[in-house]
There are 2 protein chains.
Amino acid sequence: MGGEAAEAVFLVISGMLRAFKTLPDGRRLITAFMGEGDFLGLAVDGIYEYAVEAVTPVTLRRFPRHRFEAILDKSPQWRNTLLHNATEELRLAQDHMVLLGCKNATEKMASFLLQLARRNKRAGRPPSPVCLSMTRGDIADYLGMTAETVSRSLTFLREDGVIDFPAHRNVAILRFDKLAAQSGGSALHE
Amino acid sequence: MGGEAAEAVFLVISGMLRAFKTLPDGRRLITAFMGEGDFLGLAVDGIYEYAVEAVTPVTLRRFPRHRFEAILDKSPQWRNTLLHNATEELRLAQDHMVLLGCKNATEKMASFLLQLARRNKRAGRPPSPVCLSMTRGDIADYLGMTAETVSRSLTFLREDGVIDFPAHRNVAILRFDKLAAQSGGSALHE
DNA sequence: CGACTATTTGAAACGATTCAAACCCGGTGG
DNA sequence: CCACCGGGTTTGAATCGTTTCAAATAGTCG
(Lines give C-alpha, C1' and ligand atoms only; values in the text may rest on other atoms or scores of the structure.)
Protein backbone atom coordinates (compact mmCIF):
# COMPACT_ATOMS: atom_id res chain seq x y z
CA MET A 1 0.00 0.00 0.00
CA GLY A 2 3.01 2.24 -0.49
CA GLY A 3 2.24 5.78 -1.60
CA GLU A 4 -1.53 5.34 -1.55
CA ALA A 5 -3.90 7.70 0.21
CA ALA A 6 -4.44 6.75 3.83
CA GLU A 7 -8.18 6.22 4.36
CA ALA A 8 -7.85 5.69 8.04
CA VAL A 9 -5.53 5.51 11.01
CA PHE A 10 -5.04 2.22 12.85
CA LEU A 11 -4.01 1.37 16.35
CA VAL A 12 -2.32 -2.00 16.80
CA ILE A 13 -4.11 -4.02 19.50
CA SER A 14 -2.17 -7.25 19.19
CA GLY A 15 0.18 -9.06 16.80
CA MET A 16 3.24 -7.82 14.94
CA LEU A 17 3.67 -5.97 11.64
CA ARG A 18 6.58 -4.85 9.52
CA ALA A 19 6.94 -1.51 7.73
CA PHE A 20 9.42 -1.61 4.88
CA LYS A 21 10.84 0.01 1.77
CA THR A 22 12.30 -1.81 -1.21
CA LEU A 23 14.70 -0.92 -4.00
CA PRO A 24 13.75 -1.54 -7.65
CA ASP A 25 15.84 -4.73 -7.73
CA GLY A 26 14.05 -6.19 -4.73
CA ARG A 27 16.45 -5.44 -1.91
CA ARG A 28 14.39 -4.64 1.15
CA LEU A 29 14.84 -2.73 4.36
CA ILE A 30 12.35 -3.15 7.18
CA THR A 31 12.21 0.33 8.69
CA ALA A 32 10.28 -0.75 11.78
CA PHE A 33 8.46 -3.58 13.46
CA MET A 34 5.16 -2.41 14.91
CA GLY A 35 3.29 -4.00 17.79
CA GLU A 36 0.77 -3.33 20.56
CA GLY A 37 0.22 0.41 21.03
CA ASP A 38 1.78 1.58 17.75
CA PHE A 39 -0.12 3.70 15.22
CA LEU A 40 -0.33 3.02 11.49
CA GLY A 41 -0.97 5.52 8.71
CA LEU A 42 -0.16 8.57 10.79
CA ALA A 43 1.35 10.48 7.87
CA VAL A 44 -0.28 13.90 8.05
CA ASP A 45 -0.47 14.50 4.35
CA GLY A 46 -2.58 11.37 3.93
CA ILE A 47 0.10 9.44 2.08
CA TYR A 48 1.47 6.23 3.48
CA GLU A 49 5.18 6.54 3.99
CA TYR A 50 5.92 2.87 3.54
CA ALA A 51 4.37 -0.51 2.92
CA VAL A 52 3.11 -2.52 5.87
CA GLU A 53 2.55 -6.28 6.16
CA ALA A 54 1.49 -8.54 9.00
CA VAL A 55 4.19 -10.70 10.56
CA THR A 56 1.76 -12.54 12.79
CA PRO A 57 -2.06 -12.45 12.87
CA VAL A 58 -2.98 -8.90 13.85
CA THR A 59 -5.94 -7.12 15.40
CA LEU A 60 -6.32 -3.41 14.75
CA ARG A 61 -8.60 -0.62 15.92
CA ARG A 62 -9.66 1.56 13.01
CA PHE A 63 -10.13 5.35 13.11
CA PRO A 64 -11.61 6.80 9.89
CA ARG A 65 -9.36 9.58 8.69
CA HIS A 66 -12.05 12.25 8.31
CA ARG A 67 -13.14 11.81 11.92
CA PHE A 68 -9.50 11.87 12.92
CA GLU A 69 -8.96 15.15 11.08
CA ALA A 70 -12.12 16.62 12.59
CA ILE A 71 -10.89 15.90 16.09
CA LEU A 72 -7.55 17.42 15.21
CA ASP A 73 -9.14 20.67 14.00
CA LYS A 74 -11.26 20.97 17.14
CA SER A 75 -8.56 20.55 19.76
CA PRO A 76 -5.22 21.82 18.46
CA GLN A 77 -3.20 20.41 21.34
CA TRP A 78 -3.73 16.97 19.80
CA ARG A 79 -1.84 18.20 16.81
CA ASN A 80 0.94 18.97 19.26
CA THR A 81 0.79 15.41 20.54
CA LEU A 82 1.02 14.23 16.97
CA LEU A 83 4.07 16.40 16.47
CA HIS A 84 5.64 14.92 19.58
CA ASN A 85 4.88 11.51 18.17
CA ALA A 86 6.56 12.28 14.85
CA THR A 87 9.59 13.72 16.64
CA GLU A 88 9.91 10.56 18.70
CA GLU A 89 9.69 8.42 15.57
CA LEU A 90 12.41 10.54 14.05
CA ARG A 91 14.63 9.95 17.05
CA LEU A 92 14.09 6.21 16.74
CA ALA A 93 14.90 6.40 13.04
CA GLN A 94 18.16 8.17 13.83
CA ASP A 95 19.10 5.57 16.41
CA HIS A 96 18.44 2.91 13.80
CA MET A 97 20.67 4.76 11.35
CA VAL A 98 23.45 4.56 13.92
CA LEU A 99 22.82 0.84 14.22
CA LEU A 100 22.89 0.34 10.44
CA GLY A 101 25.88 2.58 9.82
CA CYS A 102 28.14 1.90 12.80
CA LYS A 103 27.48 -1.45 14.43
CA ASN A 104 28.71 -4.94 13.57
CA ALA A 105 26.54 -8.05 13.36
CA THR A 106 26.67 -9.00 17.05
CA GLU A 107 26.05 -5.45 18.23
CA LYS A 108 23.09 -5.14 15.87
CA MET A 109 21.57 -8.34 17.18
CA ALA A 110 22.12 -7.35 20.82
CA SER A 111 20.58 -3.93 20.21
CA PHE A 112 17.61 -5.56 18.55
CA LEU A 113 16.98 -7.86 21.49
CA LEU A 114 17.15 -4.92 23.90
CA GLN A 115 14.64 -3.12 21.70
CA LEU A 116 12.22 -6.03 21.92
CA ALA A 117 12.65 -6.04 25.68
CA ARG A 118 11.85 -2.32 25.86
CA ARG A 119 8.76 -2.93 23.73
CA ASN A 120 7.63 -5.63 26.14
CA LYS A 121 8.01 -3.28 29.08
CA ARG A 122 6.08 -0.54 27.28
CA ALA A 123 3.25 -3.01 26.76
CA GLY A 124 3.22 -3.84 30.48
CA ARG A 125 4.82 -7.27 30.13
CA PRO A 126 8.02 -8.53 31.73
CA PRO A 127 10.93 -7.47 29.51
CA SER A 128 12.98 -10.61 29.69
CA PRO A 129 11.48 -13.46 27.73
CA VAL A 130 11.28 -11.77 24.33
CA CYS A 131 9.42 -13.41 21.48
CA LEU A 132 11.14 -13.58 18.08
CA SER A 133 7.89 -13.79 16.16
CA MET A 134 9.41 -12.68 12.84
CA THR A 135 11.63 -14.85 10.63
CA ARG A 136 15.43 -14.59 10.55
CA GLY A 137 15.03 -13.10 7.09
CA ASP A 138 12.87 -10.30 8.46
CA ILE A 139 15.31 -9.61 11.27
CA ALA A 140 18.08 -9.56 8.68
CA ASP A 141 16.28 -6.99 6.52
CA TYR A 142 15.70 -4.89 9.62
CA LEU A 143 19.33 -4.97 10.74
CA GLY A 144 20.93 -4.71 7.31
CA MET A 145 22.45 -8.18 7.17
CA THR A 146 21.60 -11.70 5.97
CA ALA A 147 19.48 -14.38 7.62
CA GLU A 148 22.56 -16.58 8.01
CA THR A 149 24.46 -13.86 9.85
CA VAL A 150 21.47 -13.27 12.11
CA SER A 151 21.51 -16.95 13.00
CA ARG A 152 25.25 -16.90 13.63
CA SER A 153 25.06 -13.81 15.88
CA LEU A 154 22.30 -15.48 17.85
CA THR A 155 24.32 -18.64 18.46
CA PHE A 156 27.33 -16.51 19.32
CA LEU A 157 25.33 -14.66 21.97
CA ARG A 158 24.01 -17.96 23.29
CA GLU A 159 27.49 -19.50 23.54
CA ASP A 160 28.60 -16.39 25.45
CA GLY A 161 25.77 -16.84 27.93
CA VAL A 162 24.23 -13.52 26.94
CA ILE A 163 20.92 -15.10 25.97
CA ASP A 164 19.25 -18.47 26.39
CA PHE A 165 16.71 -20.41 24.32
CA PRO A 166 14.41 -22.44 26.53
CA ALA A 167 12.72 -25.38 24.79
CA HIS A 168 11.11 -24.09 21.62
CA ARG A 169 13.33 -21.39 20.23
CA ASN A 170 10.82 -18.67 19.46
CA VAL A 171 11.59 -16.95 22.73
CA ALA A 172 14.85 -15.81 24.26
CA ILE A 173 15.77 -15.09 27.88
CA LEU A 174 18.02 -12.06 28.15
CA ARG A 175 20.97 -11.26 30.40
CA PHE A 176 20.67 -7.48 30.33
CA ASP A 177 24.06 -6.58 31.76
CA LYS A 178 25.90 -8.75 29.23
CA LEU A 179 23.58 -7.65 26.42
CA ALA A 180 24.24 -3.97 27.07
CA ALA A 181 27.96 -4.67 26.90
CA GLN A 182 27.57 -6.42 23.52
CA SER A 183 25.23 -3.85 22.01
CA GLY A 184 27.83 -1.14 21.47
CA GLY A 185 25.76 1.19 23.64
CA SER A 186 23.00 3.60 22.70
CA ALA A 187 23.53 6.80 20.80
CA LEU A 188 22.16 8.85 23.70
CA HIS A 189 25.00 10.33 25.75
CA GLU A 190 27.48 13.25 26.10
CA MET B 1 24.79 20.62 22.25
CA GLY B 2 23.07 17.23 22.20
CA GLY B 3 20.17 16.87 24.59
CA GLU B 4 20.26 20.46 25.82
CA ALA B 5 17.26 22.72 25.84
CA ALA B 6 16.75 24.50 22.55
CA GLU B 7 16.74 28.24 23.26
CA ALA B 8 15.90 29.17 19.73
CA VAL B 9 15.18 27.96 16.25
CA PHE B 10 17.59 28.74 13.41
CA LEU B 11 17.20 29.01 9.67
CA VAL B 12 20.31 28.27 7.64
CA ILE B 13 21.04 31.18 5.28
CA SER B 14 24.34 29.92 3.87
CA GLY B 15 27.06 27.38 4.58
CA MET B 16 26.86 23.72 5.51
CA LEU B 17 26.37 21.93 8.83
CA ARG B 18 26.36 18.34 10.01
CA ALA B 19 23.95 16.75 12.49
CA PHE B 20 25.29 13.61 14.10
CA LYS B 21 25.03 11.01 16.81
CA THR B 22 27.92 9.13 18.38
CA LEU B 23 28.32 5.87 20.26
CA PRO B 24 30.08 5.79 23.64
CA ASP B 25 33.27 4.50 22.02
CA GLY B 26 33.40 7.37 19.54
CA ARG B 27 31.93 5.83 16.41
CA ARG B 28 29.90 8.50 14.68
CA LEU B 29 27.02 8.63 12.26
CA ILE B 30 26.16 11.89 10.53
CA THR B 31 22.37 11.77 10.30
CA ALA B 32 22.09 14.72 7.94
CA PHE B 33 23.95 17.52 6.23
CA MET B 34 22.03 20.78 6.49
CA GLY B 35 22.29 23.73 4.15
CA GLU B 36 20.49 26.79 2.82
CA GLY B 37 16.79 26.68 3.75
CA ASP B 38 17.03 23.99 6.45
CA PHE B 39 15.78 24.56 10.00
CA LEU B 40 17.75 23.76 13.16
CA GLY B 41 16.40 23.00 16.62
CA LEU B 42 12.89 22.21 15.45
CA ALA B 43 12.32 19.54 18.09
CA VAL B 44 8.96 20.45 19.56
CA ASP B 45 9.72 19.40 23.08
CA GLY B 46 12.56 21.86 23.24
CA ILE B 47 15.26 19.22 23.30
CA TYR B 48 17.83 19.00 20.57
CA GLU B 49 17.65 15.62 18.91
CA TYR B 50 21.27 15.53 17.88
CA ALA B 51 24.49 17.47 17.95
CA VAL B 52 25.18 19.98 15.20
CA GLU B 53 28.50 21.39 13.99
CA ALA B 54 29.48 23.70 11.17
CA VAL B 55 31.19 22.10 8.19
CA THR B 56 31.88 25.44 6.50
CA PRO B 57 31.42 28.98 7.81
CA VAL B 58 27.68 29.40 8.35
CA THR B 59 25.24 32.27 8.59
CA LEU B 60 21.99 31.65 10.44
CA ARG B 61 18.79 33.56 11.07
CA ARG B 62 17.76 33.23 14.69
CA PHE B 63 14.17 32.92 15.98
CA PRO B 64 13.87 33.03 19.79
CA ARG B 65 11.94 30.01 20.91
CA HIS B 66 9.34 31.85 23.00
CA ARG B 67 8.42 34.05 20.04
CA PHE B 68 8.33 30.96 17.88
CA GLU B 69 5.96 29.23 20.28
CA ALA B 70 3.79 32.34 20.50
CA ILE B 71 3.37 32.44 16.75
CA LEU B 72 2.55 28.73 16.78
CA ASP B 73 -0.19 29.17 19.39
CA LYS B 74 -1.73 32.07 17.47
CA SER B 75 -2.03 30.44 14.04
CA PRO B 76 -2.43 26.67 14.37
CA GLN B 77 -1.96 25.96 10.67
CA TRP B 78 1.75 26.64 11.19
CA ARG B 79 1.79 23.71 13.54
CA ASN B 80 0.43 21.72 10.64
CA THR B 81 3.27 22.96 8.46
CA LEU B 82 5.67 21.89 11.18
CA LEU B 83 4.08 18.45 11.21
CA HIS B 84 4.47 18.21 7.45
CA ASN B 85 8.08 19.16 7.92
CA ALA B 86 8.67 16.43 10.47
CA THR B 87 6.96 13.88 8.25
CA GLU B 88 9.19 14.82 5.34
CA GLU B 89 12.26 14.50 7.55
CA LEU B 90 11.05 11.06 8.57
CA ARG B 91 10.74 10.03 4.93
CA LEU B 92 14.28 11.20 4.27
CA ALA B 93 15.48 9.28 7.32
CA GLN B 94 13.86 6.12 5.99
CA ASP B 95 15.45 6.56 2.59
CA HIS B 96 18.78 6.95 4.33
CA MET B 97 18.15 3.76 6.26
CA VAL B 98 17.67 1.97 2.94
CA LEU B 99 20.96 3.43 1.79
CA LEU B 100 22.79 2.34 4.95
CA GLY B 101 21.21 -1.09 5.10
CA CYS B 102 21.01 -2.15 1.46
CA LYS B 103 23.49 -0.33 -0.77
CA ASN B 104 27.15 -1.00 -1.50
CA ALA B 105 29.89 1.61 -1.47
CA THR B 106 29.49 2.81 -5.06
CA GLU B 107 25.71 3.00 -4.82
CA LYS B 108 25.97 4.95 -1.60
CA MET B 109 28.33 7.44 -3.17
CA ALA B 110 26.17 7.83 -6.29
CA SER B 111 23.06 8.34 -4.17
CA PHE B 112 24.87 10.96 -2.12
CA LEU B 113 25.90 12.93 -5.20
CA LEU B 114 22.33 12.87 -6.50
CA GLN B 115 21.19 14.15 -3.11
CA LEU B 116 23.58 17.08 -3.33
CA ALA B 117 22.29 17.83 -6.81
CA ARG B 118 18.70 17.84 -5.53
CA ARG B 119 19.71 20.19 -2.74
CA ASN B 120 21.27 22.54 -5.30
CA LYS B 121 18.08 22.59 -7.32
CA ARG B 122 15.99 23.26 -4.22
CA ALA B 123 18.19 26.25 -3.48
CA GLY B 124 17.64 27.61 -7.01
CA ARG B 125 21.09 26.72 -8.32
CA PRO B 126 22.00 24.49 -11.27
CA PRO B 127 22.08 20.90 -10.02
CA SER B 128 25.14 19.73 -11.84
CA PRO B 129 28.33 21.14 -10.43
CA VAL B 130 27.95 19.90 -6.86
CA CYS B 131 30.31 21.13 -4.15
CA LEU B 132 31.83 18.54 -1.80
CA SER B 133 32.40 21.04 0.99
CA MET B 134 32.67 18.39 3.71
CA THR B 135 35.68 16.11 4.22
CA ARG B 136 35.85 12.50 3.02
CA GLY B 137 35.67 11.51 6.66
CA ASP B 138 32.37 13.34 7.07
CA ILE B 139 30.98 11.76 3.92
CA ALA B 140 32.14 8.40 5.24
CA ASP B 141 30.34 8.86 8.56
CA TYR B 142 27.23 9.89 6.66
CA LEU B 143 27.26 6.88 4.34
CA GLY B 144 28.38 4.31 6.89
CA MET B 145 31.80 3.58 5.40
CA THR B 146 35.42 4.73 5.74
CA ALA B 147 37.11 7.78 4.23
CA GLU B 148 39.31 5.50 2.12
CA THR B 149 36.33 3.72 0.64
CA VAL B 150 34.69 7.06 -0.12
CA SER B 151 37.81 8.07 -2.02
CA ARG B 152 37.90 4.78 -3.90
CA SER B 153 34.22 4.97 -4.88
CA LEU B 154 34.81 8.49 -6.14
CA THR B 155 37.72 7.47 -8.37
CA PHE B 156 35.72 4.47 -9.56
CA LEU B 157 32.86 6.75 -10.62
CA ARG B 158 35.33 9.07 -12.31
CA GLU B 159 37.00 6.23 -14.23
CA ASP B 160 33.56 5.14 -15.40
CA GLY B 161 32.80 8.61 -16.72
CA VAL B 162 29.92 9.02 -14.29
CA ILE B 163 31.41 12.14 -12.74
CA ASP B 164 34.22 14.55 -13.52
CA PHE B 165 36.52 16.67 -11.37
CA PRO B 166 37.43 19.93 -13.10
CA ALA B 167 40.62 21.58 -11.78
CA HIS B 168 40.29 21.81 -8.02
CA ARG B 169 38.48 18.74 -6.84
CA ASN B 170 36.04 20.29 -4.42
CA VAL B 171 33.37 20.21 -7.09
CA ALA B 172 32.08 17.40 -9.27
CA ILE B 173 30.23 17.50 -12.58
CA LEU B 174 27.53 14.85 -12.73
CA ARG B 175 26.28 12.60 -15.53
CA PHE B 176 22.77 12.07 -14.22
CA ASP B 177 21.77 9.16 -16.42
CA LYS B 178 24.85 7.14 -15.48
CA LEU B 179 24.60 8.22 -11.83
CA ALA B 180 21.01 7.02 -11.55
CA ALA B 181 22.10 3.67 -12.95
CA GLN B 182 24.86 3.37 -10.34
CA SER B 183 22.78 4.56 -7.39
CA GLY B 184 20.71 1.39 -7.04
CA GLY B 185 17.56 3.47 -7.53
CA SER B 186 15.41 5.25 -4.98
CA ALA B 187 13.16 3.47 -2.52
CA LEU B 188 10.09 5.19 -4.00
CA HIS B 189 8.28 2.81 -6.35
CA GLU B 190 5.72 -0.04 -6.62
C1' DC C 1 59.59 27.21 0.92
C1' DG C 2 58.25 24.13 4.72
C1' DA C 3 54.84 22.13 7.83
C1' DC C 4 50.43 20.37 8.32
C1' DT C 5 46.27 18.20 6.93
C1' DA C 6 43.35 15.95 3.65
C1' DT C 7 43.31 12.71 0.01
C1' DT C 8 44.67 8.97 -2.80
C1' DT C 9 46.56 4.56 -3.55
C1' DG C 10 48.40 -0.08 -2.30
C1' DA C 11 48.52 -4.59 0.09
C1' DA C 12 47.04 -7.50 3.78
C1' DA C 13 43.48 -8.77 7.01
C1' DC C 14 38.92 -9.22 8.46
C1' DG C 15 33.98 -9.71 8.65
C1' DA C 16 29.95 -10.58 6.26
C1' DT C 17 27.97 -12.80 2.29
C1' DT C 18 27.19 -16.57 -0.69
C1' DC C 19 26.34 -21.15 -1.82
C1' DA C 20 25.45 -25.59 -0.20
C1' DA C 21 24.29 -29.14 2.88
C1' DA C 22 22.24 -30.81 7.09
C1' DC C 23 18.81 -30.13 10.50
C1' DC C 24 14.52 -29.33 13.01
C1' DC C 25 9.74 -29.09 13.18
C1' DG C 26 4.75 -28.92 12.08
C1' DG C 27 1.60 -30.73 8.90
C1' DT C 28 -0.23 -34.37 5.54
C1' DG C 29 -1.28 -38.62 3.91
C1' DG C 30 -0.33 -43.47 3.51
C1' DC D 1 1.81 -44.34 13.82
C1' DC D 2 5.28 -43.34 11.00
C1' DA D 3 7.16 -41.76 6.44
C1' DC D 4 7.56 -37.86 4.01
C1' DC D 5 7.42 -33.17 2.59
C1' DG D 6 8.30 -28.08 2.89
C1' DG D 7 9.62 -24.01 5.32
C1' DG D 8 12.59 -21.93 8.24
C1' DT D 9 16.97 -22.44 10.62
C1' DT D 10 21.61 -23.76 11.56
C1' DT D 11 26.22 -24.82 10.25
C1' DG D 12 30.25 -25.17 7.12
C1' DA D 13 33.60 -23.61 3.57
C1' DA D 14 34.87 -20.50 -0.03
C1' DT D 15 34.45 -15.93 -1.77
C1' DC D 16 33.92 -11.10 -1.89
C1' DG D 17 33.81 -6.28 -0.41
C1' DT D 18 35.21 -3.27 2.92
C1' DT D 19 38.34 -2.07 6.41
C1' DT D 20 42.77 -1.46 8.21
C1' DC D 21 47.33 -0.03 8.19
C1' DA D 22 50.86 2.21 5.77
C1' DA D 23 52.99 4.97 2.44
C1' DA D 24 52.87 8.38 -1.25
C1' DT D 25 50.68 12.57 -3.07
C1' DA D 26 48.23 16.89 -3.30
C1' DG D 27 46.64 21.12 -1.35
C1' DT D 28 46.70 24.95 2.10
C1' DC D 29 48.49 28.38 4.90
C1' DG D 30 52.04 30.39 7.70
Side-chain angles (χ1 to χ4, degrees), chain A residues 16 18 23 25-30 53 55-57 99-113 131-160 163-172 182 184, chain B residues 16 18 23 25-30 53 55-57 99-113 131-160 163-172 182 184:
Chain A
M16 177 80 77
R18 53 173 181 248
L23 289 173
D25 69 356
R27 277 174 290 180
R28 181 183 65 155
L29 187 98
I30 294 182
E53 292 173 347
V55 173
T56 66
L99 180 149
L100 291 168
C102 297
K103 296 186 177 179
N104 65 26
T106 312
E107 292 170 333
K108 285 176 177 178
M109 198 62 228
S111 305
F112 178 60
L113 292 170
C131 175
L132 299 167
S133 42
M134 64 295 289
T135 69
R136 301 297 130 105
D138 279 348
I139 299 175
D141 286 354
Y142 180 61
L143 300 179
M145 52 207 227
T146 62
E148 292 93 330
T149 307
V150 167
S151 179
R152 277 185 246 271
S153 317
L154 235 23
T155 62
F156 175 74
L157 289 174
R158 182 163 43 79
E159 285 169 354
D160 259 36
I163 60 175
D164 193 34
F165 292 120
H168 294 293
R169 36 273 278 71
N170 233 11
V171 293
Q182 288 281 14
Chain B
M16 177 81 76
R18 53 174 181 245
L23 289 173
D25 68 356
R27 280 174 289 179
R28 182 182 65 157
L29 187 98
I30 294 181
E53 293 173 346
V55 173
T56 66
L99 181 149
L100 292 168
C102 297
K103 295 186 178 179
N104 65 27
T106 312
E107 292 171 333
K108 285 175 177 178
M109 197 62 228
S111 304
F112 177 60
L113 292 170
C131 176
L132 299 168
S133 41
M134 63 293 291
T135 69
R136 300 296 129 105
D138 280 349
I139 299 176
D141 285 354
Y142 180 61
L143 300 179
M145 53 207 225
T146 62
E148 292 93 328
T149 307
V150 167
S151 179
R152 278 184 246 271
S153 317
L154 236 22
T155 61
F156 176 75
L157 290 174
R158 183 164 43 78
E159 285 169 353
D160 259 37
I163 62 175
D164 193 35
F165 291 120
H168 295 294
R169 40 268 278 76
N170 232 13
V171 294
Q182 289 279 14

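Reminder, nothing fancy here: chain letters follow the sequence lines and each chain counts from 1.
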B:Phe156 has an atom CZ; how far is it from atom C1' of D:dG17, in whole Å? 13 Å
So does A:Thr149 get a side-chain nitrogen or oxygen closer than 4.0 Å to the phosphate oxygens (OP1/OP2) of C:dT17? yes
Side-chain contact check for B:Arg152: nearest option of D:dT9, C:dT18, D:dT19 is D:dT19
Taking the side chain of B:Arg169 as its heavy atoms from C-beta onward, which of D:dG27, D:dT9, C:dT8 lies nearest to it? D:dG27
Pairwise side-chain contact, B:Ile30 with B:Met134, heavy-atom cut-off 4.5 Å (strictly under): no
Rounded to whole Å, the CG-C1' distance (A:Leu132 to D:dT10) equals 15 Å
Can you tell which of A:Arg28, A:Arg136, A:Arg18 makes a salt bridge (Lys or Arg N to Asp or Glu O under 4.0 Å) with A:Asp141? A:Arg28
Rounded to whole angstrom units, what separation is found between the CE atom of A:Met109 and the C1' atom of C:dA16? 16 Å
Please lay out, stage by stage, how B:Val150 and B:Tyr142 fare under the test side-chain contact (heavy atoms from CB on, under 4.5 Å). CA-CA 10 Å; B:Val150 167; B:Tyr142 180 61; over 6 Å; no
Heavy-atom pair of closest approach, residues B:Ser111 and B:Leu99: CB-CD1, 3.7 Å
Rounding to a whole Å, what distance do you find between B:Arg136:CZ and C:dT9:P? 11 Å
Which nucleotide sits closest to the side chain of B:Glu148: D:dT10, C:dT7, D:dT20? D:dT20
Under 4.0 angstrom, heavy atoms only, what part of the nucleic acid is B:Thr135 near: base, sugar-phosphate, or nothing? sugar-phosphate
Whole-Å distance, B:Asp138 CG to C:dT5 P, equals 16 Å
Nearest to side-chain heavy atoms of A:Asn104, which nucleotide of C:dT9, D:dT11, C:dA16: C:dA16
How many Å lie between CD1 on A:Ile139 and P on D:dG8, as a whole number? 13 Å
With a cut-off of less than 4.0 Å, is there a side-chain N or O of B:Ser151 near OP1 or OP2 of C:dT7? no
N/O (side chain, A:Thr146) to phosphate O (OP1/OP2, C:dT17) under 4.0 Å: yes
Rounded to whole Å, how long is the line connecting atom NZ of A:Lys108 with atom P of C:dG15? 14 Å
Starting from P on D:dT18, measure out to CG on B:Leu143 and report it in whole angstrom. 12 Å
Would you say A:Lys108 and A:Ser153 are linked by a side-chain donor-acceptor pair, where the criterion is simply a distance under 3.5 Å? no
